[in-house]
Protein chains: 2
Amino acid sequence: MKAKTKEDVRPDFQACPVEYTLDIIGGKWKGVLLYHLIEGTKRFNEFRKLCPNITHRMLTLQLRELERDGIIHRKVYQQVPPKVEYSLTDLGMTLVPIIRMMKEWGDRHKGHREAADEKAE
Amino acid sequence: MKAKTKEDVRPDFQACPVEYTLDIIGGKWKGVLLYHLIEGTKRFNEFRKLCPNITHRMLTLQLRELERDGIIHRKVYQQVPPKVEYSLTDLGMTLVPIIRMMKEWGDRHKGHREAADEKAE
DNA sequence: CTGTATCCCAAACGATACTG
DNA sequence: CAGTATCGTTTGGGATACAG
């Protein structure tokens, strides 16, 4: 008997709208990317400087998903060398309040886990 | 050269507080579990009924992580059969506004992707 | 500069069986 | 009822090389 694949399971977003939202912004880097986009348009390599830990590959993938979900817009300048600018769409803008709240919550509470980490080392 | 394991990389929560918050509520089921906890205390099997897609194992793991991060409290009644109640801690309560916003956003915008899914089938 | 493609290891997860 | 342990598969994601 084959195990269920991802496609077989229809996540019940009806029952859990929170799950739907998290599915869009909960990706490993999406929250951070969106946060930086609040300040304005960003280029590919700008993201890499802002998030040194993200790999080339992951940045591409995460941006693609956000684009696919209609959260960000990708503007390509047809020139050499290429230039691509990412920005929030109108739909993306509606996420800004949530991102901001998460930013503030993180600022206010990130101490907790650091304290726990200290003890662990 | 050994590939970096998860432990080797210290995520820079300093630079990205959003990342820290998402690390806590962004788990596959955490948002949903927290959402249901807003209404009040829940038992293990209540969660299973509320989220039929979550497996026994995953429910345990996600609850453990939330407990470890100080977001939820686990109250064990020493009796047979066992009874365990989960509830939000004070810290967990501070997340409620964020969860609520994600719930509302999901309700309002979940139509988008469904439309895309229709076309895909 | 901004990607895409491939390979491959590590982590996540489901299924299942067992326990107090 | 509410878990834990183990196993095997699937997925995530890093490193690297190549391309327009």
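By convention in this document, chain letters (A, B, ...) are assigned in the order of the sequence lines, proteins followed by strands, and residues within each chain are numbered from 1.
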Between [X] ([atom1]) and [N] ([atom2]), how many Å, whole number?
| X | N | atom1 | atom2 | answer |
| --- | --- | --- | --- | --- |
| B:Glu46 | D:dC1 | CD | C1' | 12 Å |
| B:Met58 | D:dT11 | CE | C1' | 13 Å |
| B:Leu59 | C:dA12 | CG | C1' | 16 Å |
| B:Lys28 | D:dT11 | NZ | C1' | 11 Å |
| B:Leu61 | C:dG14 | CG | C1' | 11 Å |
| A:Ile54 | C:dT2 | CD1 | C1' | 14 Å |
| A:Arg48 | C:dC1 | CZ | C1' | 11 Å |
| B:Lys42 | D:dC1 | NZ | C1' | 17 Å |

Test: A:Lys83 cationic atom under 6.0 Å from A:Tyr77 six-membered ring centre, within 45° of axis: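 That pair qualifies as a cation-pi contact.
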Please report the shortest heavy-atom distance between [X] and [Y], naming the atom on each side.
| X | Y | result |
| --- | --- | --- |
| B:Ile99 | A:Val18 | O-CG2, 4.2 Å |
| B:Val32 | B:Cys51 | CG1-SG, 3.6 Å |
| A:Asp107 | B:Pro17 | OD1-CG, 3.1 Å |

Between the two ends of the helix from C:dC1-D:dG20 to C:dG20-D:dC1, what is the bend in degrees, rounded to 10 degrees, where each end axis spans five pairs?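 The end axes of the helix from C:dC1-D:dG20 to C:dG20-D:dC1 are about 50° apart, to the nearest 10°.
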Report the residues that fulfil salt bridge (Lys or Arg N to Asp or Glu O under 4.0 Å) with B:Glu67, sequence neighbours left out, ordered by chain and then residue number.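 Salt bridge (Lys or Arg N to Asp or Glu O under 4.0 Å) check on B:Glu67 returns nothing, list empty.
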Pairwise distance OH(B:Tyr35) to CG(A:Leu22) - rounded to 0.5 angstrom: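 Going from OH on B:Tyr35 over to CG on A:Leu22, the span is 13.0 Å.
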About how many Å separate CG of A:Leu33 and CZ of A:Phe47, when rounded to the nearest 0.5 Å?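 The distance works out to 5.5 Å.
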With nearest nucleotides of DNA chain D determined for B:Lys49 and A:Gln62 from heavy-atom distances, which residue corresponds to the more 5′ nucleotide?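 It is B:Lys49, whose closest nucleotide lies nearer the 5' terminus.
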Between D:dC1 and B:Arg43, is there an OP1 or OP2 to side-chain N/O distance shorter than 4.0 Å?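 No, no such contact exists.
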Please check: side-chain N/O of B:Thr60 versus main-chain N/O of B:His56, any donor-acceptor pairing under 3.5 Å?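 At least one qualifying donor-acceptor pair exists.
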Under a 4.0 Å threshold between the charged nitrogen and the carboxylate oxygen, would B:Glu85 count as salt-bridged to B:Lys42?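 No salt bridge links B:Lys42 with B:Glu85.
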Which nucleotide, C:dC1, C:dG14, D:dG14, lies nearest any side-chain atom of B:Thr55?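 That would be C:dG14.
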Identify all pairs in which a protein N or O lies below 3.5 Å from an N or O of nucleotides 3-5 of chain C, and state each distance.
| residue | atom | partner | partner atom | Å |
| --- | --- | --- | --- | --- |
| C:dG3 | OP1 | A:Arg64 | NH2 | 3.0 |
| C:dG3 | OP1 | A:Arg74 | NE | 3.0 |
| C:dG3 | OP1 | A:Arg74 | NH2 | 2.4 |
| C:dG3 | OP2 | A:Tyr86 | OH | 2.4 |
| C:dG3 | O3' | A:Arg64 | NH2 | 3.4 |
| C:dG3 | N7 | A:His56 | NE2 | 2.4 |

